[in-house]
Amino acid sequence: MNAEQIKKLVGEMTLEEKAGLCSGNDFWHTKAVERLGISDVMVSDGPHGLRKQDQEADHLGVNESIKAVCFPAGCGAATSFNRELIGKMGQALGNQCQAEGVSVILGPAVNIKRSPLCGRNFEYYSEDPYLATEIATAHINGVQSKHVGTSIKHFMANNQETRRMTVDAVMDERALREIYLAAFEGAVKNAKPWTIMTSYNRVNGEYVGENKEILTDLVRNDWGFDGIYVSDWGAVNNRVRALQAGLDLEMPASAGHRDAQIRKAVQDGVLSEQVLDETCERILNVIYRYLDHIDEQAVFDLEADHNLARQIAQECIVLLKNEDDILPLTKNQNVAFIGKYAQKPRYQGGGSSHINSALITSALDAVKEAGIENVTFAQGFDDKVDAVDEALEAEAIQVASKAEVAVVFAGLPDLFESEGFDREHMRMPECQNHLIDEILKVQPNTIVVLHNGSPIEMPWVNEVKGIVEAYLGGDAVGGAVVDILFGDVNPSAKLAETFPYQLEDNPSYLTGFGCKDTVHYAEGIFVGYRYYDKKNMAVMFPFGHGLSYTTFEYSNLKVDQKDIKDNEKVTVCVDVTNTGKVAGKEVVQLYVADKESTAIRPLKELKGFEKISLNPGETKTVTFVLEQRAFAYYEPEIQDWYVESGAFEIMIGKSVEDIVLSEEIVVTGTKKIPVVYTPNTIMSEIPDCPEAKEILKPFDSQDGMGGAELDEDSATAEAITKEMSEAMAKYTPLRAMITFSDGNISPELIDDMVEKLNALETE
């Protein structure tokens with residue numbers, strides 16, 4: 001149905017029908033208008049699996065959903081650094097939705113990982129907005145290629161579960177634009193999601209769902225968003241104000257109360273019916289994007305998609321440590337699998353994204369299927385309570401002591417990490433840490449496999465020989481882990497977030513999740529590696545870190561231009577060679593550093609990445625194209641992105657800490673920050689040019705701030721050094737010369753100077 005037909009259809013609707021279309025019919029369906037042949041459509045939770053429930057279902061997953069496939073959660077998907085792979089996952093999800101009659105799947109979730117304690121971090125991609133942008137874009141394009149919509153969420157600053165429905169996230173404008181809006185901006189511009197889900201919280205005092213400046217002026221008008229806004233379930237504060245701001249669809253149903261508010265607002269002249277009409281047109285546009293492209297042939301193949309989930313998980317598992325090349329294991333080694341998660345993996349988080357998996361492959365299942373016979377098992381701990389089970393632990397120690405290698409499957413249980421609450425600390429259950437310590441006493445060849453959705457402290461990090469971060473890798477994660485452990489697959493994932501040594505190191509630690517209904521994002525733009533890098537602070541595992549069973553060498557870094565304007569592009573090429581003995585995949589990371597910035601900026605920021613596959617001895621050239629945003633920061637004074645002229649360093653790295661090659665270029669900015677002089681302008685801000693010196697000539701005869709020559713042996717010279725005098729003069733405002741000129745400089749003269757300086761700027 002085209003736009004003209006939709007407009008005509010809305011023109012035939014009654015006020016009651018139009019108001020009703022703006023909220024759900026139940027938990028998962030829009031309202032139908034049978035009189036006009038408008039069908040309802042169903043939406044379903046995601047983002048890493050189809051959680052389709054019936055009409056009696058609930059948002060948080062207490063009631064049953066259909067049997068489905070759980071792909072790696074966002075925390076794992078981002079570590080793949082593989083756009084093509086995540087696109088395939090999106091295509092599978094889109095096909096599943098077509099097979100099950102679902103018009104929109106609620107995801108991806110792209111909120112920035114401000115704190116490692118956020119209870120929903122397992123759904124989110126990264127601490128870095130560029131990486132989140134690229135993974136979200138791939139996911140959205142994959143799903144929507146099947147004519148099924150996505151709902152990028154939770155817009156915006158939904159960075160905690162504590163008081164998430166009322167909290168006010170207070171942040172400066174640069175943090176807002178450079179960090180918390182940036183991933184949404186990139187995905188909206190690059191992939192055009194059908195819907196955006198607005199979050200519960202406020203930002204800088206206003207509920208996001210009622211913020212017209214953000215929803216309409218910025219996202220719809222500036223970014224070109226052409227879909228609909230849908231509220232998070234129960235997130236609407238004032239329905240009429242939200243509608244005026246641009247929030248189209250309220251979910252779920254409101255028992256008619258919100259519909260009545262909309263009707264009354266129109267009848268009372270508070271709300272323009274034109275606004276309501278435009279809202280209905282947008283809603284119908286999205287509905288018919290699906291209805292006009294229903295695929296009756298789509299089939300949900302549970303087994304095939306479970307196998308795909310295993311392939312994806314293989315590239316989402318990060319090898320963090322491999323001392324003495326303890327990995328990969330050989331299939332004739334005597335290996336002990338210790339820990340409950342070897343038998344029953346924790347492969348997903350709790351809450352609205354929880355999938356009712358049809359098939360689950362554990363590590364023990366996988367070794368059995370692979371015919372690996374020399375693997376023994378002991379449960380080791382019970383994850384229902386955080387207490388040492390002496391019998392289970394004793395059995396585990398005995399089994400580990402008799403093996404050549406012990407692999408401990410550990411991590412965070414559901415009671416430590418879930419939607420609905422934030423973590424109180426960054427530790428694993430003490431019973432698991434105790435188990436690892438005890439096993440290390442009898443088995444020096446110990447490897448830890450982690451199942452968790454966010455960083456943890458590792459008191460045993462220096463004692464174990466291997467650490468494998470499996471994250472929440474979906475319902476085939478056990479098979480993928482075994483593929484990695486025994487070398488059938490070479491690990492290639494890289495961390496999408498920093499693992500600090502302890503919680504107190506995190507930049508949000510001091511302000512945490514706020515006091516009552518306010519949280520101050522005092523760390524500003526310095527989130528994740530931007531903070532640790534700037535402070536030169538050691539971390540346990542840095543952003544972008546991940547090991548391989550082979551080695552890679554970088555060489556021949558080239559840039560096609562060494563001197564560009566910010567509206568020009570620069571092409572960067574680098575050669576990568578597999579110098580090891582096995583095939584592998586490498587994530588080539590490109591960072592940009594502003595070497596001369598007068599603004600406060602991170603030391604470097606991720607601005608490009610590519611994942612390549614190389615056979616032993618093979619070399620490939622990786623190419624990046626950098627545009628203006630790669631060099632820009634958001635400048636509040638001009639309400640725009642701004643490149644400050646100067647030198648920039650282009651860095652190629654294996655992680656944010658492991659930079660192997662760099663090249664410097666000069667970028668000239670084409671935008672100018674307007675300068676307005678006032679009596680409070682300090683002397684060092686006045687340009688050093690003949691015209692300005694002429695304007696300031698009346699100051700030449702004044703001693704000003706201690707400018708007179710002093711006898712170097714005098715007491716005054718000891719108190720007021722030359723360095724002190726020069727520094728004070730540098731930061732002295734023009735108006736201060738009225739005080740320090742013995743009456744020779746008048747306020748009128750200062751005003752005249754200011755006027756002439758401003759005139760100089762406009763010439």
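The first residue in the sequence is number 1, and the count goes up from there. In this text, all values refer to a predicted model and were calculated from it rather than measured experimentally. The figures that follow rest on heavy atoms only: side chains count, while hydrogens, waters and symmetry mates do not.
By the 4.0 Å N-to-carboxylate-O rule, Asp566 lies too far from Lys671 to be salt-bridged with it. With respect to the salt-bridge test (charged N to carboxylate O, under 4.0 angstrom), the residues Asp248 and Arg220 qualify. By the 4.0 Å N-to-carboxylate-O rule, Glu664 lies too far from Lys595 to be salt-bridged with it. A salt bridge links Lys693 with Asp688: at least one charged nitrogen is closer than 4.0 Å to a carboxylate oxygen. Using a cutoff of 4.0 Å between basic side-chain nitrogens and carboxylate oxygens, Lys212 and Asp217 are scored as salt-bridged.
Counting only heavy atoms from C-beta outward, the side chains of Pro679 and Asp751 approach each other to under 4.5 Å. Considering only heavy atoms from C-beta on, Ile112 stays 4.5 Å or farther from Tyr124 through its side chain. Inter-residue side-chain proximity for Glu610 and Arg83 is flagged as met; some heavy-atom pair is nearer than 4.5 Å. Here the side chains of Ile659 and Lys604 are in contact, with some heavy-atom distance below 4.5 Å. At least one side-chain heavy atom of Arg174 sits under 4.5 Å from a side-chain heavy atom of Pro636. Looking at heavy atoms from C-beta onward, Arg164 lies out of side-chain contact with His154 at the 4.5 angstrom threshold. Taking 4.5 Å as the limit, every side-chain heavy atom of Lys756 sits out of range of all side-chain heavy atoms of Glu691. For the pair His545/Val656, no side-chain contact is recorded, criterion being any heavy-atom separation below 4.5 Å from C-beta on.
Thr678 and Asn680 form no side-chain donor-acceptor contact under 3.5 Å, judged by distance and modelled atom types alone. No side-chain donor-acceptor contact under 3.5 Å links Asn567 and Gln628. Side-chain N/O atoms of Asn159 and Tyr521 include a donor and acceptor closer than 3.5 Å. Side chains of Gln589 and Tyr591: a donor on one and an acceptor on the other come within 3.5 Å. For the residue pair Arg114 / Thr511, a side-chain donor-acceptor distance below 3.5 Å is found, with atom types taken as modelled. Side chains of Tyr200 and Asn158: no donor on one and acceptor on the other come within 3.5 Å. Counted by atom type alone, Ser126 and Glu497 present zero donor-acceptor pairs between their side chains at under 3.5 Å. Judged by distance alone, the side chains of Glu761 and Tyr677 do bring a donor and an acceptor atom under 3.5 Å apart. For the residue pair Asp168 / Thr518, no side-chain donor-acceptor distance below 3.5 Å is found, with atom types taken as modelled. For Ser662 and Glu649, the side-chain atoms include at least one donor-acceptor pair closer than 3.5 Å. Between the side chains of Asn201 and Ser199, at least one donor-acceptor pair of N or O atoms lies under 3.5 Å.
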Exercise. Can you list the steps and then say if Glu644 with Tyr642 is a side-chain hydrogen bond (donor to acceptor under 3.5 Å, both in side chains)?
Worked result: CA-CA 6 Å; Glu644 188 174 13; Tyr642 176 70; 5.6 Å; no
Exercise. Taking it one step at a time, do Leu249 and Tyr229 satisfy side-chain contact (heavy atoms from CB on, under 4.5 Å)?
Worked result: CA-CA 6 Å; Leu249 178 63; Tyr229 287 104; over 6 Å; no
Problem set entry | Lys654 vs Val660, side-chain contact (heavy atoms from CB on, under 4.5 Å): CA-CA, chis, key distance, verdict | CA-CA 7 Å; Lys654 298 181 180 181; Val660 294; 4.2 Å; yes
For this session: Take Val170 and Val203, measure what side-chain contact (heavy atoms from CB on, under 4.5 Å) needs, and give me the verdict at the end.
Result: CA-CA 6 Å; Val170 179; Val203 172; over 6 Å; no
For this session: For Leu734 and Phe699, run side-chain contact (heavy atoms from CB on, under 4.5 Å): C-alpha distance rounded to whole Å, both residues' side-chain angles, the deciding distance at 0.1 Å, then the answer.
Result: CA-CA 10 Å; Leu734 293 173; Phe699 289 171; 3.7 Å; yes
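Partners of Glu568 according to the side chain to side chain donor-acceptor pair (under 3.5 Å) rule, which considers only residues two or more places apart in sequence or in another chain, do not exist here. Every residue two or more places apart in sequence or in another chain that forms a ring pair (Phe, Tyr, Trp, His ring centres under 6.0 Å) with Phe184 is listed here: Phe155.
At least one donor-acceptor pair under 3.5 Å links the side chain of Lys534 to the backbone N or O of Arg601. Counting only distance, with no hydrogens or angles, the side chain of Gln244 and the backbone of Val270 share a donor-acceptor pair below 3.5 Å. Side-chain atoms of Asn285 do not come within 3.5 Å of backbone N or O of Glu281 as any donor-acceptor pair. Side chain of Asp505 to backbone of Pro500: no donor-acceptor contact under 3.5 angstrom is found. For the pair Glu178 (side chain) and Tyr634 (backbone), a donor-acceptor distance under 3.5 Å is present. Checking side-chain atoms of Arg163 against main-chain N and O of Lys516 turns up a donor-acceptor pair under 3.5 Å. No donor-acceptor pair under 3.5 Å is formed between the side chain of Thr198 and the backbone N or O of Gly209. Under a 3.5 Å cut-off, the side chain of Gln502 and the backbone N or O of Glu504 do not form any donor-acceptor pair. Counting only distance, with no hydrogens or angles, the side chain of Glu627 and the backbone of Arg629 share no donor-acceptor pair below 3.5 Å.
Of all heavy-atom pairs spanning Lys153 and Gly107, the tightest one is CE-CA, 4.2 Å. Contact record, Cys22 with Leu276: SG-CD1, 3.7 Å, taken as the closest heavy-atom pair. Nearest heavy-atom pair across Asn506 and Ser115 is OD1-CA, 4.1 Å.
Stacking of Arg202 on the aromatic ring of Tyr207 is recorded, both the 6.0 Å distance cut-off and the 45° axial limit being met.
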Exercise answer: donor-acceptor pairs, residues 187-195 side-chain atoms, under 3.5 Å, sequence neighbours excluded:
residue : atom : partner : partner atom : Å
Lys189  : NZ   : Glu185  : OE2          : 2.8
Asn190  : ND2  : Gly186  : O            : 3.0
Thr195  : OG1  : Thr150  : O            : 3.0
Thr195  : OG1  : Ser151  : OG           : 2.7

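At most 12 non-hydrogen atoms from other residues, nucleotides or ligands lie less than 6.0 angstrom from CD of Gln274. The 12-atom threshold is exceeded at CD1 of Ile682, counting heavy atoms of other residues, nucleotides or ligands nearer than 6.0 Å.
In this structure, the ring of Phe526 has its center no less than 6.0 angstrom from the ring center of Tyr531.
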